[in-house]
Amino acid sequence: MYGIVNKAIQELIETQYGINTWEKVRNNARIEDEIFLSNQVYDDTVTFTLATSAAMVLSISLESFLIALGEYWILETGQRHYNHYMIAGGANLKEFLINLPHFHTRIKLIYNELRPPEFEISDIKENSLRIHYFSTRTGLTQFVVGLLYGVGKMFNQEIKVMVESVEQDGNIHDVFLINW
Ligand code: HEM
């Protein structure tokens, strides 16, 4: 994944737990890079090893860390560094979620080797909808949950996220039922 994701892990830990904790996470993960370059592609194992190490050092589950990272990604990385993309994503929560399938098309213009997730929207009702999530990677379900909570907070709206699994054409994918 692009270094910006590893950078977000580093920033989250440094700002919320301090530089010493970050050093522990980095050493425990046996990562030698002292800085991550946003626009360089790193092997996915770097990101997964850092997340696993962070959960271990902070004595929380990997799932809890991924949720925290998802929220941080939206509220800090997204809003601070890419605010115009977040604004272009939609004027309110529902619109933003309905537009989600197109979100990374714009991001791909800056990060052209991006391997983004795919989203499909279904069952749109007044206060709920379903998001179908397809990825080339596994293990990121709770990251998506955190991202969705982050999007809710961005619009100052409390949301509920329920994870469901659905089989389609013999493959299983995650579905998120969002209520607000
Ligand atoms: C301006 C804000 C955003 C930027 C700059 C951004 C950028 C990225 C980048 C660089 C990656 C790593 C993929 C790679 O390097 O191949 C990524 C992955 C991902 N993004 Fe975004 N993204 C943004 C917003 C969002 C939003 C709003 C969502 C959904 C709510 C989202 C969902 C994901 C997911 C789930 C992944 C993991 C990849 C996978 O599932 O395979 N992102 N994004």
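In what follows, every heavy atom counts, from backbone to side chain, and hydrogens, waters and symmetry copies are set aside. In this text, all values refer to a predicted model and were calculated from it rather than measured experimentally. When a residue number appears, it is its place in the shown sequence, counting from 1.
- By the neighbour-count criterion of 12 heavy atoms within 6.0 Å, atom CZ of R30 is sparsely surrounded, having that number or fewer from other residues, nucleotides or ligands.
- Under a 4.5 Å side-chain heavy-atom cut-off, the cluster of Ile, Leu, Val, Met, Phe, Trp and Tyr residues that includes M162 is completed by L177.
- Within the model, atoms CE of M86 and CD1 of I74 stand 4.0 Å from one another, a figure rounded to the nearest 0.5 Å.
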Tell me, with the steps shown, if Y133 and L147 meet side-chain contact (heavy atoms from CB on, under 4.5 Å). CA-CA 12 Å; Y133 163 58; L147 288 162; over 6 Å; no
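- Y111 is linked by a ring pair (Phe, Tyr, Trp, His ring centres under 6.0 Å) to Y2, counting only residues two or more places apart in sequence or in another chain.
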Which donor-acceptor pairs under 3.5 Å do side chains of residues 50-66 form with protein atoms, sequence neighbours excluded?
| residue | atom | partner | partner atom | Å |
| --- | --- | --- | --- | --- |
| T52 | OG1 | F48 | O | 2.7 |
| S53 | OG | V25 | O | 2.7 |
| S53 | OG | N28 | ND2 | 3.0 |
| S61 | OG | S64 | N | 3.1 |
| S61 | OG | S64 | OG | 2.8 |

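- Evaluation of the ring pair (Phe, Tyr, Trp, His ring centres under 6.0 Å) rule for F36 yields Y42 as partners, not counting sequence neighbours.
- Every residue two or more places apart in sequence or in another chain that forms a ring pair (Phe, Tyr, Trp, His ring centres under 6.0 Å) with H173 is listed here: H132, F134.
- One hydrophobic cluster holds both I35 and I4 under the rule that ILVMFWY side chains link at heavy-atom gaps under 4.5 Å.
- Under the 4.5 Å side-chain heavy-atom criterion for ILVMFWY residues, no single connected hydrophobic cluster contains both I124 and V175.
- Note that CD of Q157 is 14.5 Å distant from OH of Y149, once rounded to the nearest 0.5 Å.
- In the displayed structure, K160 atom NZ is contacted under 6.0 Å by at most 12 heavy atoms of other residues, nucleotides or ligands.
- In this structure the side chain of K153 reaches within 4.5 angstrom of the side chain of E71, judged on heavy atoms.
- Using a distance-only test at 3.5 Å, with no hydrogens or angles considered, no donor-acceptor pair links the side chain of R26 to the main chain of Q10.
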Working for side-chain contact (heavy atoms from CB on, under 4.5 Å), residues I159 and N179 = CA-CA 6 Å; I159 64 165; N179 279 279; over 6 Å; no
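- In the hydrophobic clustering of this structure, V41 groups with M1; members are Ile, Leu, Val, Met, Phe, Trp, Tyr whose side-chain heavy atoms approach within less than 4.5 Å, directly or through other members.
- Atom CD1 of I178 and atom CG of N127 lie 13.0 Å apart (nearest 0.5 Å).
- The shortest distance between side-chain heavy atoms of S165 and D174 falls below 4.5 Å.
- For R106 and F103, the positive end sits near the middle of the six-membered ring, less than 6.0 Å away and at most 45° from its axis.
- The shortest distance between side-chain heavy atoms of I31 and N6 does not fall below 4.5 Å.
- V145 and I172 are not part of a single hydrophobic cluster, where members link through side-chain heavy atoms under 4.5 Å apart.
- Summarising the geometry, atom CG belonging to D44 is positioned 7.0 Å from atom OG1 belonging to T136; distances are rounded to the nearest 0.5 Å.
- V151 and I87 sit in two unconnected hydrophobic clusters of ILVMFWY residues. Membership requires side-chain heavy atoms under 4.5 Å apart, directly or through other members.
- Going from atom CZ of F143 over to atom CG of L69 covers 5.0 Å, rounded to the nearest 0.5 Å.
- For the atom pair CH2 (W22) and CG (N27), the distance works out to 9.5 Å, reported to the nearest 0.5 Å.
- Of all the heavy atoms in I110 and Y82, the pair that sits closest is CD1-CE2, 3.7 Å.
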Only distances under 3.5 Å count here; give the side-chain donor-acceptor pairs of residues 93-101 to other protein atoms, sequence neighbours excluded, each with its distance to 0.1 Å.
| residue | atom | partner | partner atom | Å |
| --- | --- | --- | --- | --- |
| K94 | NZ | K125 | O | 3.1 |
| E95 | OE2 | A91 | N | 2.9 |
| N99 | ND2 | G89 | O | 2.9 |
| N99 | ND2 | E95 | O | 3.3 |

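- Heavy atoms of other residues, nucleotides or ligands lying less than 6.0 angstrom from CD of Q40 number more than 12.
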